[in-house]
Q: 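There's a structure below that I have some questions on.
Since we're looking at a predicted model, the values are computed, not measured.
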Amino acid sequence: MKIAVLSDIHDNIWQLEKLLAGLEADALIFCGDFCAPFTLAQIAEGFGGPVHVVFGNNDGDPLHLARVAGRHKHVKVHGQFAELELGGRSVAVTHYPEIGRALARGGTYDLVCTGHSHEHVVEESGRTVLLNPGEVMGRLGPSTYALYDTDTGQAQIVEVR
């Protein structure tokens, strides 16, 4: 199974449109900072597989985000933290890298996904891959996302072009 991991779109729907047009994945994890609910709607309408979402520090309308998710059966909003089982792998999702690093050090999960820093990171900590996909926004750095392969346990950073 291929999992796309995205974070920090900050309403750059133009970069998101490019990303979704070429995305080949079975599931999608979003690590926070859509900003506006219409950005979640764009993901829900542009990606047909399961979508798992946690809130970031710039998602100021969680009620409306939950309503958007409620209109799409394949989208689940988990709140501030998610624990998932995808493709036989245990996955934790948080917006904050500090929390993600602590979770990765604990060794409970195969994959820990974070966002917030806008810097892409792929690190191994024992059996755990710590993954920050960077930012889709493309303002503070390149526009990137990540792909995680549950068969191999490997992650790669992909630049949006």
Q: What's in the same ILVMFWY side-chain cluster as Ile13, cut-off under 4.5 Å, chained through other members?
A: Trp14, Phe38
Q: Restricting to pairs with a member in residues 140-154, which pass salt bridge (charged side-chain N to carboxylate O under 4.0 Å, His left out), not counting sequence neighbours?
A: Lys2-Asp149
Q: Apply side chain to side chain contact (heavy atoms under 4.5 Å, CB included) to Glu17 and list each qualifying residue two or more places apart in sequence or on a separate chain.
A: Gln42
Q: Hey, is the main chain of Ile9 close enough, under 3.5 Å, to the side chain of Asn12 for a donor-acceptor pair?
A: no
Q: One pair to check against side chain to side chain contact (heavy atoms under 4.5 Å, CB included): Leu140 and Asp8. What are the steps and the verdict?
A: CA-CA 11 Å; Leu140 302 178; Asp8 296 279; over 6 Å; no
Q: Just jot down the ring pair (Phe, Tyr, Trp, His ring centres under 6.0 Å) partners of His116, sequence neighbours excluded, or say none.
A: His95, Tyr96
Q: Enumerate donor-acceptor pairs with a distance under 3.5 Å from any side-chain N or O in residues 154-161 to protein atoms, sequence neighbours excluded.
A:
none

Q: Which residues pass the salt bridge (Lys or Arg N to Asp or Glu O under 4.0 Å) test with Arg127, not counting sequence neighbours?
A: Asp110
Q: Applying the 4.5 Å side-chain criterion to the ILVMFWY set and letting contacts propagate, would Val129 and Leu86 be lumped into a single cluster?
A: yes
Q: When you look at Glu85 and Ser90, which way does the side chain to side chain contact (heavy atoms under 4.5 Å, CB included) test go after all the steps?
A: CA-CA 5 Å; Glu85 185 75 26; Ser90 59; 4.1 Å; yes
Q: Which donor-acceptor pairs under 3.5 Å do side chains of residues 62-72 form with protein atoms, sequence neighbours excluded?
A:
none

Q: For Val93, give me all partners under side chain to side chain contact (heavy atoms under 4.5 Å, CB included), at least two apart in sequence or on another chain.
A: Ile29, Cys31, Val54, Ala82, Leu84, Val91, Cys113
Q: Would the distance check show the side chain of Asn132 and the main-chain N or O of Val121 forming a donor-acceptor pair, the cut-off being under 3.5 Å?
A: no
Q: Who are the salt bridge (Lys or Arg N to Asp or Glu O under 4.0 Å) partners of Glu98, not counting sequence neighbours?
A: none
Q: Just to verify, what does Glu83 make a side chain to side chain contact (heavy atoms under 4.5 Å, CB included) with, not counting sequence neighbours?
A: Phe81, Tyr109
Q: With Asp61, which residues qualify under salt bridge (Lys or Arg N to Asp or Glu O under 4.0 Å), at least two apart?
A: none
Q: Could you name each residue pair satisfying side chain to side chain donor-acceptor pair (under 3.5 Å) that touches residues 18-28, not counting sequence neighbours?
A: Gln15-Lys18
